[in-house]
2 protein chains.
Amino acid sequence: VLRRDYDGQDCAVARTLEIVGERWTLLIVRDAFLGRNRFEQFQESLGIARNVLTDRLNRLVDEGILERVRYSERPERFEYRLTPKGRDLRLTLTALRQWGEEHLGEAPRRTLQSVADGSRIVAGLVPADAEVLAADEVELVAVAPPASPE
Amino acid sequence: VLRRDYDGQDCAVARTLEIVGERWTLLIVRDAFLGRNRFEQFQESLGIARNVLTDRLNRLVDEGILERVRYSERPERFEYRLTPKGRDLRLTLTALRQWGEEHLGEAPRRTLQSVADGSRIVAGLVPADAEVLAADEVELVAVAPPASPE
């Protein structure tokens, strides 16, 4: 069920923010891209109340951004994996990250690279007929810390 | 003053969301891109409480995303304009919009085009050495409604 939090805002930006604009939601998606996929991993990473995390995870599953997969039968345990719809949020997360690095003085800690050849990948505004990479064609890698001055 | 809403989240995504992740904030920025720049225009467009709008506008000015410019002396009145830092949120907004169009079935209502030649522009993941357009080299235009069936 789509909550019409931004009622009257007939716009794809508003509709998207209804789903991913809740507090913590995009950080959960970011964590999933970093390989975290179990409740305890998200909880440890984000340090948020368990009921809030449960609510956000359920919402992400309801919206088809994460899927809930059983990985243990006894005891029954589940993990969360990004769906293709979820992985397509890579572009949005990359745009947010780049803005923070450029305008908030955040030192780059991770960068995107091409899975195929390891070349560096960025988010950008390009002609509609330009060749762009799909979310699955890129991966996050740690940026090497700057060398200490001699 | 940077509020550390996502304390412990040492990451450019989290830092960016501390600033633009508050409810309504990105819709105010979207409205500014659509040419709205006065308090009453934002209020009419968003339909939010005036105290919330005041809070968000002040925060955006504090963070250097909007600038407050006096346009009338008597009575004294101000309008809000995107700074270069604010205009650089174009990429993030475009990524959010595209995701909504692709995954939520939102019909495209606006598209980006090149100011120079009117060609269609999208947000995408591209090699770091690809030619990308700056925020000021693109403009939003309305998408023509689909033709009625004959």
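Letters A, B, ... are given to chains in the order of the sequence lines, protein chains preceding strands, and every chain is numbered from 1.
Residue B:E40 qualifies as enclosed at atom CD: its count of foreign heavy atoms under 6.0 Å is above 12.
For the pair B:Q113/B:S119, no side-chain contact is recorded, criterion being any heavy-atom separation below 4.5 Å from C-beta on. Using a 4.5 Å cut-off on side-chain heavy atoms (C-beta onward), B:V122 and B:L112 make no contact.
Each of A:N58, A:V29, A:T83, A:L57 was scored for a side-chain contact (heavy atoms from CB on, under 4.5 Å) with A:L66, with one residue passing: A:L57.
Taking the ring centre of B:Y71 as origin, the terminal cationic atom of B:R38 falls inside the region bounded by 6.0 Å and 45° from the ring axis.
Atom CD of A:E139 is separated from atom CZ of A:F33 by 12.5 Å, given to the nearest 0.5 angstrom. Note: A:R110 CZ to A:R97 CZ = 8.5 Å, rounded to the nearest 0.5 Å. Here the OG1-CD distance, from A:T16 to B:E102, works out to 11.0 Å after rounding to the nearest 0.5 Å.
For residues 73-82 of chain A, an interface with chain B (any heavy-atom pair closer than 4.5 Å) does not exist. Residues of residues 88-95 of chain A placed with any heavy atom under 4.5 Å of a heavy atom in chain B are listed by number as A:D88, A:L89, A:R90, A:L91, A:T92, A:L93, A:T94, A:A95.
With A:E137 contributing its side chain and A:A134 its backbone, the two residues share a donor-acceptor pair below 3.5 Å. Listed for the B:Q43 side chain is a donor-acceptor partner under 3.5 Å among the backbone atoms of B:I48.
Heavy atoms of A:L34 lying under 4.5 Å from chain B are absent altogether. For B:Q98, the part lying near chain A is the side chain, with the backbone staying farther off; criterion is any non-hydrogen pair under 4.5 Å.
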**Study point:** Stepwise side chain to side chain contact (heavy atoms under 4.5 Å, CB included) test for B:D31 and B:L27
**Key:** CA-CA 6 Å; B:D31 273 0; B:L27 294 183; 5.9 Å; no
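In terms of heavy-atom pairs under 4.5 angstrom with chain B, the leader among A:V126, A:V132, A:I121 is A:V126. If you tally non-hydrogen atom pairs under 4.5 Å between each of B:V20, B:L133, B:V13 and chain A, the highest count goes to B:L133.
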